[in-house]
Amino acid sequence: MLDFLGNLQRTHYCGALRSSDDSREVILMGWVARRRDLGNLLFLDLRDRSGIVQVVFNKETQPQAHAKAEQLRSEFVVAVEGKVIKRQKSNPELATGEIEVIAQKLHLLNTAKTPPFQIEDDTNAAEETRLRYRYLDLRRPKSHANLALRHKIIFEIRKVMDEMGFLEIETPMLTRSTPEGARDYLVPSRVHHGKFYALPQSPQIFKQILMIGGLDRYFQIVKCFRDEDLRADRQPEFTQLDVEMSFPRQEDIFHVIESVMVRACAVAGIKAEAPFPHMLYKDAVRKYGSDKPDMRFGMELHEVTDCFPQEAKDKLQIAGSVFALAAPGAASYSRKQLDELTEKAKSAGARGAYFVKLSPEGPTSTVEKLIGAENVKKLAEACGAKTGDLVVAVSAKQEIKGTEAAALVAGQLRLQLGEALNLIDKSQWKFLWLTGFPLFEWSESDKSWVSAQHPFTGIVDEDLEKLESAPWEVRSKGYDLVLNGVELGSGSIRIHRQDVQERLFKALGLSEELLRRRFGFFLDALTYGTPPHGGIALGMDRVVMLLAGEKSIREVVAFAKTTAAVDLMAESPSEVDNDQLDQLGIAIKDE
RNA sequence: GGGGACGUAGUUCAGUUGGUUAGAACGCUGCCCUGUCACGGCAGAGGUCGCGGGUUCGAGUCCCGUCGUCCCCGCCA
């Protein structure tokens, strides 16, 4: 029943045919997207990577081909020999709608079981089904478009990096556990029982050693691995654009990344303007309640702690500061909507949410009795609220040392309200550099100061002397790149002096012995003439996700894992044979 | 680890206060049809109501547990 491919050679892609191909003899190959059988006349929508074209089988003129076409079902694989003709009535929905192909000969190359869901862009199949049958999901034109865009962006980035004199250099996948924050994926060693390689969380130390090795400008588009819980924008393995350069000023690195992003955007048909604006971390937190502010809309936060007298604070159990924002046009919010906002605020870590409605008759507030009419007015003015607006103020359940907890809560409400009130202009592409991060973060679980980024992050020169005396005031030479409220990547000017690196390790409370054991080799390398250097890493999956207009990176990853880190198609992770475990000297503990 | 939503035909969903034989659309199968393009018409098949236990005369529906998917917090740049 099936035909061999034999010497048959495809002449054209389905989606490429146009009216200029009129009268051309073609051989097409692809999948049956749809079949419309009118009896003695049969239409076939033939699909390949490039698109869809209509093929016509006429019983009267080509009885053999027509008879064969009647056997076709969805997703059968065929080759069609035929002739392109202009249609009498064109179909404007289709790129190839001006023409169709009159089939002369049909070759059935393969059959297909009925697919569990229809192969079409606006599929409403559950993601679980799509991941299990990923090979079918990948046939959707939208999947092709996303993966093609991903390829084009990455191809363009390689070009830009090459033009700027960067060398792409590979670093090991089987390496050692690194001192960064995330949990490592471990690979047991067969040759050395009881010892493990770690898959890289990033090539951090290797790229710094490449700078010590005098390579000057390095980049790599590389898989990284982190064994942490997943999110819509987080997979356990992901792709980074990793960059490092020697003798850089911060602005040199910014310039490189801006060039990359402007060109990557252009590939996606988006016009981005460089240079990107800068913002200090503390301003981002105070004005937007986030370390990755979405700059596509305003609705800035304002500290309004002063509007709450001590007595009111006691009653409302407000310990720290109060932050507020004015939601334009939300004065008409119902009691139910306010309750929902309060609920949202509480789940975001708020002690309470307090509202002021600016109706035409004057302001009314849920806390007027507690803070007084004067303070209600002051509160509204502080936020620049106008008639018709709703002022939302929040306090935090828990103050966290060195941060504005209330601002972070308010920042989440800002995003929620921005979305709900339709304030976000989706046609905007707002890049932002964040700088001025603190070097340390207080870790409640460790009861100590820990690196906010990784422990090779440079220290602002004039803050160096506070390293031991006032660690919370020390600023890092780190920076983040943010696009539309999504963190794309982060980097820093590194520590290149061995004495500074050792002081930092000491400040982090890492023992000499631990340091020697974990990265003695790196400390040694620092002593052999390390140039000042710095770099950055961008999450490519997120870049492509945003430029493709998708909400999840799974839409731009060909073979994605579920939130439980399972590949539903390959069924990994999986158990292994006892033989394999034996060779590795590993035994599985019973639960 | 915690919170929330969901799980019924191949798929997407509906299913009332616990009550007789669990429905729809698309898809699928067969027949008819020469200008369809989400073709149309006629007929038909298709169900472990995620799984396990409990309450009850009776459970898709209520309760407990468990598994899976998604979103969020923790975690993670």
Side-chain angles (χ1 to χ4, degrees), chain A residues 33-46 52-61 66 70 73-75 85 87-94 96-97 100 102 113-133 136 180-184 201-202 204 224-236 238 240 242 291-292 343-344 346-349 397 408-409 412 415-416 434 437 441 443-445 451-454 457 478-482 486-492 536-539 542 551-552 554 560-564 566 568:
Chain A
R34 234 181 204 106
R35 195 185 58 134
R36 289 177 294 279
D37 187 353
L38 274 62
N40 292 328
L41 195 62
L42 191 150
F43 298 95
L44 204 69
D45 287 345
L46 189 64
I52 277 175
V53 72
Q54 173 164 281
V55 181
V56 192
F57 293 86
N58 192 318
K59 191 173 192 176
E60 207 165 274
T61 56
H66 178 271
E70 287 195 305
R73 294 294 181 269
S74 283
E75 301 309 314
I85 59 153
R87 292 207 209 177
Q88 291 181 344
K89 206 175 117 203
S90 65
N91 179 357
E93 304 285 308
L94 252 111
T96 57
E100 62 190 1
I102 303 291
K113 294 208 308 200
T114 300
F117 56 91
Q118 281 167 271
I119 315 295
E120 55 194 12
D121 273 349
D122 46 356
T123 179
N124 50 3
E127 196 168 0
E128 189 173 352
T129 316
R130 293 176 47 209
L131 288 173
R132 182 157 281 130
Y133 299 92
L136 298 178
E180 277 155 283
R183 204 174 288 121
D184 285 315
Q201 296 176 29
S202 82
Q204 186 60 36
C224 299
F225 306 86
R226 290 178 191 162
D227 188 3
E228 297 294 345
D229 287 342
L230 286 76
R231 289 284 189 284
D233 61 355
R234 270 165 35 189
Q235 286 272 302
F238 58 100
Q240 282 197 344
D242 197 43
D291 58 0
K292 43 180 190 201
E343 221 25 68
K344 173 83 189 171
K346 284 192 172 158
S347 70
K397 209 176 294 172
L408 296 178
V409 175
Q412 292 196 42
L415 288 178
Q416 156 113 352
L434 253 75
F437 290 96
E441 249 170 25
S443 167
E444 202 50 50
S445 53
S451 276
Q453 206 198 12
H454 54 63
T457 304
Y479 34 79
D480 278 7
L481 178 64
V482 173
V486 175
E487 186 201 304
L488 289 187
S490 70
S492 62
I536 191 167
L538 298 188
R542 289 183 185 176
K551 287 207 164 64
S552 161
R554 292 187 297 270
K561 292 184 177 61
T562 69
T563 51
V566 168
L568 292 174

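Chain letters run A, B, ... following the sequence lines, proteins first, then strands; residues in each count from 1.
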- Query: Any donor-acceptor pair under 3.5 Å between the side chain of A/Arg234 and the base of B/C76?
  - Reply: yes
- Can a donor-acceptor pair under 3.5 Å be found between the side-chain atoms of A/Arg87 and the base atoms of B/U36? yes
Under 4.0 Å, counting only non-hydrogen atoms across every strand here, what does [X] touch: a base, just sugar-phosphate, or nothing?
| X | value |
| --- | --- |
| A/Arg34 | sugar-phosphate |
| A/Ala33 | nothing |
| A/Gln453 | base |
| A/Asn124 | sugar-phosphate |
| A/Gln88 | nothing |
| A/Asp480 | nothing |

- Side-chain N,O (A/Arg36) to OP1/OP2 (B/U36) below 4.0 Å: no
- Query: Reckon A/Lys89 has a side-chain N or O less than 4.0 Å from the OP1 or OP2 of B/U36?
  - Reply: yes
Dump every N/O contact between nucleotides 68-73 of chain B and the protein below 3.5 Å, one line per pair.
{"residue": "B/G68", "atom": "O2'", "partner": "A/Glu128", "partner atom": "OE2", "Å": "2.9"}
{"residue": "B/U69", "atom": "OP1", "partner": "A/Thr562", "partner atom": "OG1", "Å": "3.1"}
{"residue": "B/U69", "atom": "O4'", "partner": "A/Glu128", "partner atom": "OE1", "Å": "3.2"}
{"residue": "B/C70", "atom": "OP1", "partner": "A/Thr563", "partner atom": "N", "Å": "3.3"}
{"residue": "B/C70", "atom": "OP2", "partner": "A/Thr563", "partner atom": "N", "Å": "2.8"}
{"residue": "B/C70", "atom": "OP2", "partner": "A/Thr563", "partner atom": "OG1", "Å": "2.4"}
{"residue": "B/C70", "atom": "O3'", "partner": "A/Arg554", "partner atom": "NH2", "Å": "3.1"}
{"residue": "B/C71", "atom": "OP1", "partner": "A/Arg554", "partner atom": "NH1", "Å": "3.4"}
{"residue": "B/C71", "atom": "OP1", "partner": "A/Arg554", "partner atom": "NH2", "Å": "2.8"}
{"residue": "B/C73", "atom": "OP2", "partner": "A/Arg231", "partner atom": "NE", "Å": "3.1"}

- Task: Please confirm whether the backbone N or O of A/Arg73 pairs with a side-chain atom of A/Arg35, one donor and one acceptor, at under 3.5 Å?
- Result: no
- d(A/Ser490 OG, A/Phe437 CZ) to nearest 0.5 Å is 7.5 Å
- Query: Between atom CZ of A/Arg34 and atom CD of A/Gln118, what is the distance when rounded to the nearest 0.5 Å?
  - Reply: 6.0 Å
- Query: Got a sec, which residues hit side-chain contact (heavy atoms from CB on, under 4.5 Å) with A/Leu131, two or more places apart in sequence or on another chain?
  - Reply: A/Glu127, A/Arg134, A/Ala560, A/Thr562, A/Leu568
Report all interatomic pairs (protein N or O, nucleotide N or O of nucleotides 6-10 of chain B) with separations under 3.5 Å.
{"residue": "B/G10", "atom": "O2'", "partner": "A/Pro116", "partner atom": "O", "Å": "3.3"}

